Number of protein chains: 2
Amino acid sequence: MAATVSTLSPVTPGEQRLLDAAYQQALKSLREGGIPIGSALGLPDGTVLAVGHNLRVQTGDTTAHAEVSCIRAAGRRRDWHTLVLASTLSPCVMCTGATLLHRVPRVVVGENRTFLGAEDLFAARGVSLAVAQEARCIALMERFIAERPELWNEDIGVPPAR
Amino acid sequence: MAATVSTLSPVTPGEQRLLDAAYQQALKSLREGGIPIGSALGLPDGTVLAVGHNLRVQTGDTTAHAEVSCIRAAGRRRDWHTLVLASTLSPCVMCTGATLLHRVPRVVVGENRTFLGAEDLFAARGVSLAVAQEARCIALMERFIAERPELWNEDIGVPPAR
């Protein structure tokens with residue numbers, strides 16, 4: 001497990017287990033030829049309730065970012081307001097919106113150096129955020145972005161050059 | 001077709017065709033026992049490229065709001081920045097985020113009286129918005145909310161009472 005440096009609020013041991021599960025999802029997606037971003041949803045004590053990873057390459061679903069896939073996998077439930085969402089990368093504006101819609105009150109992020117999502121929206125809506133800034137998460141994204149820049153741009157909505 | 005009163009910018013004839021397709025999707029969802037909200041994605045001239053409706057009841061996918069289902073149905077493409085998204089109801093914060101991620105520049109909404117989504121986010125991010133305030137869309141949602149308040153609260157993330 002990489003050393004963590006938290007911002008805004010510390011990552012608890014339970015939350016670290018959720019982040020570990022998210023990282024395993026990112027590795028799984030990479031092995032499948034997909035975009036290496038993973039998420040896990042669970043209890044504050046680290047009990048994992050659902051996991052997911054980016055599925056753009058695997059299924060062609062452009063809304064299947066890791067966080068959306070994870071929330072989708074969690075199914076219909078009414079306890080969202082008691083859960084923690086962990087993700088290897090800072091959630092984009094869609095995934096931030098999905099978190100806000102479901103009223104998940106706590107988000108733990110692996111890193112926000114290679115991509116900074118809509119963290120301002122979390123702050124504005126009162127979601128508690130921790131950024132672990134894990135070296136393993138940064139390394140995974142840096143390599144992916146260097147090797148597949150066009151796929152990465154597609155995933156974050158950048159129109160094609162020209 | 002119901003008479004329209006536009007706000008912010010007028011609904012063009014092409015956009016009205018997209019809104020009509022979205023309304024048909026809402027009726028389809030209602031017939032299936034689902035939440036009656038529909039969307040369509042298309043060209044400014046009214047050519048429909050993809051449609052979708054809420055699927056919470058039909059598939060148990062809580063991220064499958066109409067707009068997300070519609071964007072999902074559109075598949076992997078790079079022309080999002082040239083398209084128009086029409087929806088029978090003001091998009092929630094998740095669907096607003098999905099629209100922003102994909103950089104769809106224009107949103108046409110059937111009504112925002114029964115539910116006001118994250119229209120402030122569209123404005124802040126430069127998305128052009130039109131609200132038709134159609135009587136048929138308002139009537140559809142008013143009846144649904146009156147008949148199925150618990151399902152509606154679930155769909156917009158309200159935790160259970162108690």
Side-chain angles (χ1 to χ4, degrees), chain A residues 35 39 41 50 52 55-83 91-105 115 117-118 120-122 124-125 127 150-151 153-162, chain B residues 35 39 41 50 52 55-83 91-105 115 117-118 120-122 124-125 127 150-151 153-162:
Chain A
I35 297 173
S39 293
L41 187 75
L55 289 167
R56 174 179 297 264
V57 171
Q58 292 93 327
T59 71
D61 180 352
T62 72
T63 71
H65 275 194
E67 298 86 343
V68 168
S69 298
C70 181
I71 291 172
R72 192 180 297 167
R76 283 176 71 175
R77 53 194 313 141
R78 303 299 296 272
D79 61 351
W80 304 101
H81 60 291
T82 69
L83 304 182
C92 82
V93 67
M94 172 179 70
C95 296
T96 299
T99 306
L100 292 172
L101 171 68
H102 289 79
R103 305 199 195 187
V104 175
F115 177 79
D120 55 329
L121 263 187
F122 281 139
R125 303 283 193 116
V127 171
E150 189 63 11
L151 178 57
N153 281 336
E154 182 190 333
D155 199 55
I156 56 176
V158 178
R162 189 162 46 91
Chain B
I35 298 173
S39 294
L41 187 75
L55 289 167
R56 174 178 297 263
V57 171
Q58 291 93 327
T59 71
D61 179 353
T62 70
T63 71
H65 276 194
E67 298 86 341
V68 167
S69 298
C70 181
I71 291 172
R72 194 179 295 166
R76 284 176 72 177
R77 54 195 313 142
R78 303 300 295 274
D79 60 351
W80 304 101
H81 60 292
T82 68
L83 305 182
C92 82
V93 68
M94 172 179 69
C95 297
T96 299
T99 306
L100 293 173
L101 171 68
H102 289 80
R103 305 197 194 188
V104 176
F115 177 79
D120 55 330
L121 264 186
F122 280 139
R125 303 283 193 114
V127 170
E150 189 63 10
L151 179 57
N153 281 335
E154 182 190 334
D155 199 56
I156 56 174
V158 178
R162 184 164 51 88

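Everything numeric in this text was worked out from a predicted model, so none of it was measured. Just so we're on the same page: letters track the sequence lines, and every chain starts at 1. Values reported hereafter were calculated over all heavy atoms of this structure, with side chains retained and with hydrogens, waters and symmetry mates removed.
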For a quick test of reading the model, state the closest non-hydrogen atom pair linking B/Glu154 to A/Arg76 and the distance between them.
OE2-NE, 2.8 Å

Option that, when pairs with chain A are counted at under 4.5 Å, heavy atom only, ranks first among B/Val158, B/Thr82, B/Thr59, B/Asp79
B/Val158

So which residue, A/Leu100, A/Thr99, A/Ile156, ends up with the most heavy-atom pairs under 4.5 Å with chain B?
A/Ile156

Proximity breakdown for A/Asn153 and chain B, heavy-atom pairs closer than 4.5 Å
both

Among B/Arg72, B/His65, B/Glu67, which residue meets the side chain to side chain donor-acceptor pair (under 3.5 Å) test with A/Thr63?
B/Arg72

Hey, which of A/Cys95, A/Gly97, A/Ala73, A/Ala118 has the most heavy atom pairs under 4.5 Å with chain B?
A/Gly97

Among B/Arg78, B/Met94, B/Arg77, which residue forms the greatest number of heavy-atom pairs with chain A at distances under 4.5 Å?
B/Arg78

Contact summary for B/Thr62 and A/Gly75, nearest pair of heavy atoms:
CG2-O, 3.5 Å

Distance-minimising heavy-atom pair for B/His81 and A/Pro160:
CE1-CD, 4.4 Å

For B/Arg103 and A/Gly157, indicate whether the former's side chain and the latter's backbone hold a donor-acceptor pair under 3.5 Å.
yes

Please classify the contact of A/Arg56 with chain B as side chain, backbone, both or neither, using a heavy-atom distance under 4.5 Å.
both

In this structure, CG of A/Asp61 is separated from CD1 of B/Ile71 (nearest 0.5 Å) by 10.0 Å

